[in-house]
Every structure is written in structure tokens, then in C-alpha cells.
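Written out below as C-alpha cells is the structure these notes cover.
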Amino acid sequence: MLQRITRSWSLDERSVSLFRIILGFSILYLLVTNKLPWAAECWGADRIIPEDVRLYVHGKLNYSVFDYVHSNVFAYVWIYTAIALSFLYVIGFRTRIVSVLLLFFMLNLWQATPFFTHGFDRYTMCFLTWSCFLPLDNHFSIRPPAVKKSVPFWASLIMLMQIMWIYFGTGIVKYGDAWTQGFAIKLMASDQWMTTPLASVFSSNEWLYRPLTYLTLILDWLFPLLLLLPFYKQWNRYVVVLYLFGFHLSVHLIADVSNFSLSGIAVSAILLPTHFWDKFNIGNTQKYEPSIYSGWQKYAVRGLAAFILYVLFIKNILFVTKNCAAAKQPYMQSVTAALRYADIPSPMSNWFFKQEWKMFAPEPSYELGWISMEYIGDDNILYDFFTHDIVAKNKHEIHFRPKGMLFHYLMPCRSMHFKARWKERAFLKFWYFYNLEKAGVPPEKWKNYFITEYKFTLLKEQELAPSEVKKVYYTEEAIRNINTTLPTQ
């Protein structure tokens, strides 16, 4: 039975190599489209958020090389080096060294702005971390090793536990009406600012969005069985692979989620069973040598694996008890309080210690809208700051569609009127003045420039019909005095 479980929980070496290629492309995409265009504004000398505010916003557990070096040249060199390492990772060049170096370079980028690290960043971060324990270059690599190593069982187990907790944990906390009544996909696809033109296909066809909603919820709940059941491994794996591929492809078609979908497809690739590769006669006769640990190495490896598995367990169990439907019940609060004693404090703001995978849980937001900057021109006409389109007073249209990292910075700012959103208000405050200074607008004209927030609600009782759009202007004075609850204010 133990041998059956070991075989069932193992990863195929060919699947691991395919995972490496797709994850490497995912990181390349993230760096080129998100990080590189904002190198100076986030990590260089031209940072939008002042250093003293940045340190307070991100807390004490953020430390990176960018705390000590404030240089645009250094920031660009760092990101271009990460891009080069990503390319080497994709082609399978000395992956044992390259994977660790790539993780080091990416962690420093993520740690420099941990509060503005998004779900797709953390998702990619975890799987890049665990890839450092895997023999990545056995197949499809420019320089395959002379002796090919098998995937260590403990490394397979860590990867499977991470995958299971991400989807099972978020499935448990998806208890909102949008999920249980089958319209969560419609709700997600109705976010005009976040979605692509294809989103309307998902939002307007009940035969599509309702089955997809229920299928997502049910398969999330079934992840422990599908991944860990020691019977029918290949068919269970095919179900998970098809689900992950379909889910992440659908999300990519609906919304701008940066590299989240690519990383998710990489995860689906690593779960391809041996049956898949043997069917196409790819590497069937390849022999693998197990990694041999002796003396202190054996205990070190076992200790490290046990520590990581415990962190994954306790962090995700705490996340579930704090965010499930019964979270406010006295008995669940007692469970959460007891679990806190067993928790391990995070030594860093980011990395695998941050296991919070909401993924539209408990349900997607009903309050939507968009943000821009507008100004009154010399002709007394209102214009969009970024597109210079004339803004109609009685017709609310989206003129400004930010891309890349700026889009993901501004997305949560739409809810800045909520009390908990003070960090988003801090970003908006400095972003507003940064744009004015960059555009060379004289200070005496700043009073004619506004941050504008368009807000509307999808009405559940009216089949998600949108309410009337409300427009709010934030003047220079309002932005300058915006309540960010910083210590000095």
C-alpha cells in the first residue's frame, strides 16, 4: 500500500521539464509586460511612493536589495538580468543554479513592494520556489545532464500539497451566493474595466457561465481526492489537468490577470501522468538515478520537507478557518485562536509563508467601476488626462484603460472609499502628483486636474443589471489631504 501511495503521489520527470518551460515563459511575460515598464517608478530613483511612506506601507518584514540602492540604472540592470535568467530557465541551461538565481532576483523585486504584490505574483513565487527542488533539465533542455535524476518523493509531495491547498482552500471559502447560485462567472465577466472583449460571451450566455461556475466550485472541493487518492491515478490526473487548463484559459480569455493563467497552465503540465508521455513514445526508455542522501544530508532534507509541509498545512488551515462561512461562529473562532498558537511567524512579508488564495472568494465583487484622471482645458472643456478625449458630462464612458503593472495597482483603488483601503489611497495620492509633475503641468494649474472614480453596482435582485453610474471627483486639495492614516497624520 505504501508503494502504491508513493507511486500515486509522484511526478513524471518529463512533466516536470514541460512545467519548467511554461513557467519560464510565464515569468518572462511577467517581467517584460509588468515589471520592466515600471522599473524606475517601483525600484529605481524615481519611485512614486516616497521611501519613508513605502517602508511604513510595506511593514517591517520587507527587505530587499532595493532598500539600499536607489538607482534607475541598477533597477533596469536587475530586471534585465532576471529576464536573461528566465530565458536560461526556459531552455534548461544549468537549471540547478539558474533556478535559485532566478528566485533570488524575483524575490528581491517582490519584497521591495510586498503590499502591491498581487495574487499572480504569489502564485508564481511559490511554484518557482518549489521548482528549485526538482530535476528540471532531464528533458527538452539545451544541455541535458549526463546522469538524469528522478524526482525526489518529498519534492513531489510539496508540489502536490501546494497545488491541493491553493484550489481546495479557495473552494472552501467560496460560499457566497454568486458561487452557490451559479452566477460567479457572469459576475466576473461583467467587470468592464478588468475584462476583455470576449468576456461578454461568458456574461451573456447562461448555458456557459452557470455550468462553469458549478464545475469550478465542485472540482475545487474534489482536489484532495483527485490528487491524493492512490487509485486511478492517471484518470484522476487527467481530470485535474483538463480542469486547470480549461479554468486558466477561461480566466485568460475573460480578464487581464497578468501571468496567472500561464503559471496555472504550467501547473497543469506538471501533473501530466506517465501514461500521457508513454502514449506518444516520448522518453519511454529513459532511466533515472535517484538522489542519494547520506549522514546529515538525509536528516536535513527530511527536516526541510517536514518544515515546508507543516507551513503549508498550518497557514492554509488558518486561512480557511478565518475566511469560511462559519468564521464568525464562536466555535470556529475558538479553533482559529487555538491554531494561532501552532502558527509559525512569517520571517518575510512575501514568499511561501503567505498562503492566502481567495480567487474571487467568498464571491466576486458586485461594486465595480473604473478610475482615471481628468482635467479642465483652457477651452473650459473636460478631457481625459491620459487619452485627451473629451469627457461627456452626461455619458459615462471608459477612456483610460491602463495596462500591465499600473492596471493591477489601480484595480483595488476603485474601492478606496472603504476604510480598509488606506494603502490604495496612499498610492493614489502620490500617483496623482507624479503624473502631474511628469507631464510638466505648472502647480498653479493643478486645481484643474482631478482623480475621477466611476462607481456602479450590479444588482443581484435584478439579474445583475448595473445601477446608475456615479462619478466622484477628487480635487488637488482632496488628494493632498486624503486620509491615508499614516503615523504623521
Side-chain angles (χ1 to χ4, degrees), residues 5 9 58-63 107 110-111 114-115 117-130 133 153-176 179-180 216-229 267 299-363 412 418-421 423:
I5 292 174
W9 294 357
H58 296 310
K60 297 179 180 179
L61 297 179
N62 78 99
Y63 27 80
L107 267 179
W110 285 318
Q111 274 292 107
F115 179 77
T117 299
H118 301 88
F120 54 82
D121 286 308
R122 293 195 297 273
Y123 187 93
T124 304
M125 185 191 311
C126 285
F127 289 111
L128 176 59
T129 301
W130 310 140
F133 301 139
F153 174 71
W154 60 270
S156 293
L157 187 58
I158 288 173
M159 185 66 77
L160 289 177
M161 289 298 107
Q162 180 67 87
I163 297 170
M164 184 204 75
W165 277 118
I166 287 176
Y167 294 93
F168 176 63
T170 193
I172 293 297
V173 300
K174 287 176 178 174
Y175 60 83
W179 289 106
T180 59
T216 300
L217 191 59
I218 292 169
L219 287 176
D220 281 348
W221 290 343
L222 291 177
F223 251 79
L225 289 177
L226 293 172
L227 283 183
L228 304 180
L229 195 69
V267 171
Y299 296 105
V301 167
R302 289 176 179 175
L304 176 63
F307 173 76
I308 292 171
L309 290 169
Y310 180 77
V311 169
L312 294 180
F313 172 79
I314 196 66
K315 296 292 184 185
N316 281 283
I317 285 291
L318 266 171
F319 167 73
V320 169
T321 60
K322 290 189 295 184
N323 293 278
C324 67
K328 295 183 179 180
Q329 297 296 323
Y331 75 91
M332 189 59 72
Q333 290 180 336
S334 299
V335 171
T336 302
L339 287 171
R340 290 186 191 278
Y341 288 104
D343 189 19
I344 296 177
S346 301
M348 301 171 65
S349 299
N350 264 308
W351 214 8
F352 67 93
F353 294 93
K354 195 174 182 65
Q355 296 283 325
E356 298 178 1
W357 311 104
K358 286 197 171 182
M359 293 190 194
F360 301 102
E363 60 183 342
F418 292 150
K419 184 178 180 181
R421 293 293 190 182
K423 294 182 181 181

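No hydrogens, no waters, no symmetry mates; every other heavy atom, side chains included, goes into these values.
- The shortest side-chain heavy-atom distance between Y175 and P362 falls under the 4.5 Å cut-off.
- Counting heavy atoms from C-beta on, the side chains of I163 and F223 come closer than 4.5 Å.
- Contact of the M125 side chain with the W351 side chain is registered, since non-hydrogen atoms from C-beta on lie closer than 4.5 Å.
- Using a 30° and 60° split on the angle between ring planes, F313 and Y310 fall in the tilted class, from 30° to 60°.
- Under a 3.5 Å cut-off, the side chain of D220 and the backbone N or O of L217 do not form any donor-acceptor pair.
- Distance check, rounded to the nearest 0.5 Å: CG of L219 to CG of L225 gives 11.5 Å.
- Using the six-membered ring where Trp is involved, W165 and F168 have ring planes that are tilted, between 30° and 60° apart.
- Rounded to the nearest 0.5 angstrom, L318 CG and L339 CG are separated by 5.0 Å.
- Side-chain contact between F319 and Q355: absent, with no pair of heavy atoms (C-beta onward) separated by less than 4.5 Å.
- Atom OH of Y123 and atom CE of M359 lie 6.0 Å apart (nearest 0.5 Å).
- At least one donor-acceptor pair closer than 3.5 Å links the side chain of W221 to the backbone N or O of G171.
- Here the CD1-NZ distance, from I317 to K322, works out to 12.5 Å after rounding to the nearest 0.5 Å.
- Side-chain atoms of W154 and L309, non-hydrogen and from C-beta on, never get closer than 4.5 Å to each other.
- No side-chain heavy atom of L107 sits under 4.5 Å from any side-chain heavy atom of T129.
- Contact annotation: the side chain of T216 approaches that of K174 to within less than 4.5 Å [non-hydrogen atoms, C-beta and beyond].
- Residues M332 and C324 approach most closely at CE-SG, 4.0 Å, considering heavy atoms.
- Looking only at distances, no side-chain donor or acceptor of W130 sits under 3.5 Å from a matching main-chain atom of A155.
- One finds the OG1 atom of T321 at 13.5 Å from the CD atom of Q329 (value rounded to the nearest 0.5 Å).
- Put simply, the side chain of K315 gets close to the backbone of I344: a donor and an acceptor are under 3.5 Å apart.
- A donor-acceptor pair under 3.5 Å is absent between the side-chain atoms of T170 and the main chain of I166, judged by distance alone.
- A heavy-atom distance below 4.5 Å is not found between the side chains of M161 and I158.
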